[in-house]
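First the proteins, then the strands, lettered A, B, ... as listed; each starts at 1.
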Amino acid sequence: DAMVIQNPRYQVTQFGKPVTLSCSQTLNHNVMYWYQQKSSQAPKLLFHYYDKDFNNEADTPDNFQSRRPNTSFCFLDIRSPGLGDAAMYLCATTTGGGYNEQFFGPGTRLTVL
Amino acid sequence: EDQVTQSPEALRLQEGESSSLNCSYTVSGLRGLFWYRQDPGKGPEFLFTLYSAGEEKEKERLKATLTKKESFLHITAPKPEDSATYLCAVQAGTGFQKLVFGTGTRLLVSP
């Protein structure tokens, strides 16, 4: 059974055209994360939600926004994608205080033309 | 600043040739060290969590160990299906702390 689901798996957008990536989870975890991973690099945390509380990493560009309408869903909005935003975007979830393992979705590969 | 360094960057093994991957870390107050496997074009898959020095965990051909400065992922008699990138990550400090990842070791096991 799928636990963390990301849609779409592949997304192509044009330079400057807004795009939204979605993540849903069936684990009922209260913490959800968005990571950016570029080729051969470590995943880089963009932001996370602890319940409804949004926490932005200091170096996350303003171009990246997130919404969490309920426990199960979380969205990543890229307002004006640049060529440098082409990457794999990973959603992850965990439970409790954040010291437990994170479960990752399959990722969305974003291409910017 | 918390840091995680993995070595080697890439490792090529013959099927059945055992080896170890290294993850060295510099953190203030380790809360947990995590090993993940990542196949190309997919999200990381959780393997192990280690919480304190001396702890060991095993799963099939994989065994993870932890000291105060590093962790090893031992692969015994690997098979081609073990080929993947293995990521190490740490959580440290008090309160909510993010995972700090290393850049991974790309493992290729040839038949």
Does [X] [atom1] have over 12 foreign heavy atoms under 6.0 Å away?
X	atom1	answer
A:Arg67	CZ	yes
A:Asp51	CG	yes
B:Glu81	CD	yes
A:Lys38	NZ	yes
B:Lys57	NZ	yes

Between B:Trp35 and B:Leu30, is there a shared hydrophobic cluster once you connect ILVMFWY residues whose side-chain heavy atoms come closer than 4.5 Å?
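Shared cluster, yes.
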Under a 4.5 Å side-chain heavy-atom rule over Ile, Leu, Val, Met, Phe, Trp and Tyr, are A:Phe15 and A:Phe64 clustered together?
yes
Checking B:Glu45 against chain A: side chain, backbone, both or neither under 4.5 Å from a heavy atom?
neither
Non-hydrogen atoms of chain A under 4.5 Å away: do they reach the side chain of B:Tyr36, the backbone, both or neither?
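Only the side chain of B:Tyr36 comes within 4.5 Å of chain A.
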Closest non-hydrogen atoms of B:Lys42 and A:Met88, given as atom of the first, atom of the second and distance, are N-CE, 4.1 Å
Between A:Gly107, A:Pro106, A:Gly105, which residue shows the highest count of heavy-atom pairs closer than 4.5 Å to chain B?
A:Pro106
To the nearest 0.5 Å, what is the distance between [atom1] ([X]) and [atom2] ([Y])?
X	Y	atom1	atom2	value
A:Tyr33	B:Leu99	OH	CG	6.5 Å
B:Gln91	A:Glu101	CD	CD	10.0 Å
A:Ser40	B:Glu9	OG	CD	9.0 Å

If you count heavy-atom pairs within less than 4.5 Å of chain A, which of B:Gly102, B:Pro44, B:Ala89, B:Gly104 leads?
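Of B:Gly102, B:Pro44, B:Ala89, B:Gly104, B:Pro44 has the most heavy-atom pairs under 4.5 Å with chain A.
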Whatever's closer than 4.5 Å to a heavy atom in chain B on A:Gln6 counts as neither
